2 protein chains.
Amino acid sequence: MSNRSQSSERAHAQVSVERVTIGLVAKTAGVSRATVSRVMNGNPRVAQDLAQRVRRAAEELGYAPSPVARSLALGRTGIIAMLVPDLGNPMFQGILHGLTDAAAQENYRLLVADSNENLHEEPVLAIEARRRCDGLVLCAPRMPAEQLLDLAPQLAPFVLINRELPGFATPSLTIDFAAGIRDLVTHLLSLGHRRLAYLAGPDTSASNHARVQALHKAAEGTFELVELPCGATFADGHAVADQLTDLQVTAVVAYNDLVAFGTLSRLHELGINVPAQMSIVGFDDIPFVRYTTPPLTTASVPMDQLGPQAWERLWALMNDKSPEENVHVRPRLEVRGSTGPAPSR
Amino acid sequence: MSNRSQSSERAHAQVSVERVTIGLVAKTAGVSRATVSRVMNGNPRVAQDLAQRVRRAAEELGYAPSPVARSLALGRTGIIAMLVPDLGNPMFQGILHGLTDAAAQENYRLLVADSNENLHEEPVLAIEARRRCDGLVLCAPRMPAEQLLDLAPQLAPFVLINRELPGFATPSLTIDFAAGIRDLVTHLLSLGHRRLAYLAGPDTSASNHARVQALHKAAEGTFELVELPCGATFADGHAVADQLTDLQVTAVVAYNDLVAFGTLSRLHELGINVPAQMSIVGFDDIPFVRYTTPPLTTASVPMDQLGPQAWERLWALMNDKSPEENVHVRPRLEVRGSTGPAPSR
DNA sequence: TTGTATGCGTTATCAG
DNA sequence: CTGATAACGCATACAA
């Protein structure tokens, strides 16, 4: 039974609702489906008059090719996906923006999947997202390495943000947290601070681990370090600030800018002057921390570079070329108003 | 020529790379594709031993059904999309979060498309996004009504956020900007302010228009209103603040919280005390404005409600039920530290 | 240049 | 309960 007679059978039930497919356009224009396909894809070797007829028919019927069917036939979708753990973190917006633009230049679209910090769903989400598109940019800092290693074959081609994956060769864009921390510490030391607090991020965060290590290494024989469990959000920073007063520290290194901002806010409520009585530094340089009161000294991560670089590597992968070497971005120390000379005791 | 012999022809060239499809699993398990399909979809009426064989084969081969092929066969994708003009605006994150969770309960996934404020690409993006999934949540405040009206048939089913569309019956979730503005103004008037500045959002923004109208209406015979072109971002608010000093206003109504925050920051730099010398209010109550110095008085939009409600309506639409009536959310006045009594002249 | 026939990977119908 | 087989909507060798 041909497709067409099938269609007309259905038409008996619902004449007006016949779906507008390539077949309908073909019938309307009086050509074959192949010709319609050619016209829609801009194939130049189609007679002008036929092309006209097809375009008119398509126009009248409001026809547009089905991306799903097209993807199946072509074996590619023309989209890539990025998985992020938390869209609320301004950290990602720069990456997303750059990635969107870079991909658009090659006629690729970006879709974003947010795991909402739901660690449990992340693997499923990643696989599903990946299978609906041609490539993946993966940011899953909390996912255990073994699990990621298991998933890796199913996710390829993909590029990693903010972590590396020993045992599976795929590009990754990482940030040199250690260097950033060193710069911040050097800055604080130069201001005379000798006893610092670190407001730690989530235990499971690899980047937190990197920061901690760098801090301890720098501290050896140079300054005292007090580590305070905290978190990664405004609220965490706000809540932890009260503990700061008893610690005799003169400066605070926060896990990231969000935490730093929360702490800053609480210190202000407590009547503690920043930076006169206490200095504080963040990490990331998210968009608005230059506007806090006082503006936040931080390690500025050039997020706008990451998007294009991620795309460049993913694009190479998708075309079976070998991607450029991994990027290890070094943050730039951004001195603002939240740091000042250590108060004399 | 059967599928299978076709496959083995190819295998000549690349034996090891034979794609793992339902057919391969079927062959491996020694059953038909139909059976594999049944097992993969949890169809209970399959003999235990067969089901076992299939699962083992699938496991060994690392098989997972192709979402694309599946979507084509089923006529549905199991995903919805949301189009936003700017992921950087914290305003959307609450909505996205709620929408993700609500959809997940029905086993639907959410994909996000960001138009990056690129008005030109927005229609194309909306259509493409829509055609790759089963429904759309559309937030396109700047798109001209006529254009949206043209697109509407191709976008259905969809629900609108933050605007209505006369001429096309589809659910929309809107915010009662006028009520929010009225509450803010009432608050400022009660504090003795009689000359206010409004930092206007983008001309093309319908919500800006609503705010302006409400302000003018409220102002009649009650207070003086100075309207300043501004924008929608931190930077806009920061930049416009210098103009404020000459205007003799005692209070500022900002287009949104971002602008308010930028202004707050600049006023602080200029040595103008908020709220002693100048009061300032925002709109939206995005997550961190409770942490600014001073914390921002604003009209709090309950964004966490919008996501679930959007899903409820989209879900109804996708199932040919009639959705509940439109929502017109009324913001709640959130008085914080950025407003105080008008200074006496 | 155009049409025919087939494949893309699944699901669903319908016999057996 | 299981297996052929026909869709789903499109693209593309191949033939004409």
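Chain letters run A, B, ... following the sequence lines, proteins first, then strands; residues in each count from 1. Computed from a prediction, not measured in an experiment: that's the story for all the values here.
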Whole-Å distance between [N] [atom2] and [X] [atom1]?
X	N	atom1	atom2	answer
B:I22	D:dA4	CD1	P	14 Å
A:R45	C:dG3	CZ	C1'	14 Å
B:R132	D:dG9	CZ	C1'	14 Å
A:L24	D:dG9	CG	C1'	12 Å
B:L72	D:dA6	CG	P	17 Å
B:N41	C:dT13	CG	P	13 Å
B:L61	C:dG9	CG	C1'	15 Å
A:R53	C:dT2	CZ	C1'	12 Å

Can [X] and [Y] be counted as having a side-chain donor-acceptor contact under 3.5 angstrom?
X	Y	value
B:E121	B:S115	no
B:R19	B:Y63	no
A:H97	B:N116	yes

Ignoring the backbone of [X], work out which of [options] is nearest its side chain.
X	options	value
A:R70	C:dT11, C:dG9, D:dA11	D:dA11
A:R33	C:dT11, D:dA11, C:dT2	D:dA11
A:V31	C:dG3, C:dT10, D:dA11	C:dG3
A:R38	C:dT2, C:dT11, D:dG9	C:dT2
B:A34	D:dG3, C:dG9, D:dT12	D:dG3
A:S66	C:dT11, D:dG9, C:dT10	D:dG9
A:S37	D:dA4, D:dT12, D:dC8	D:dT12

Ion pair A:R142/A:E117, N-O distance below 4.0 Å: yes
Sugar-phosphate, base or nothing in reach of B:A64, heavy atoms under 4.0 Å: sugar-phosphate
Touch class at under 4.0 angstrom, heavy-atom based, for B:L74 against every strand present: sugar-phosphate
Atom pair CG (B:L306) and CG (B:L173), whose distance is rounded to the nearest 0.5 Å: 6.0 Å
Residue-phosphate contact under 4.0 Å: B:S32 side-chain N/O, D:dT2 OP1/OP2: no
Residue mapping more 5' on DNA chain D - nearest nucleotide basis, A:P67 or B:A47: B:A47
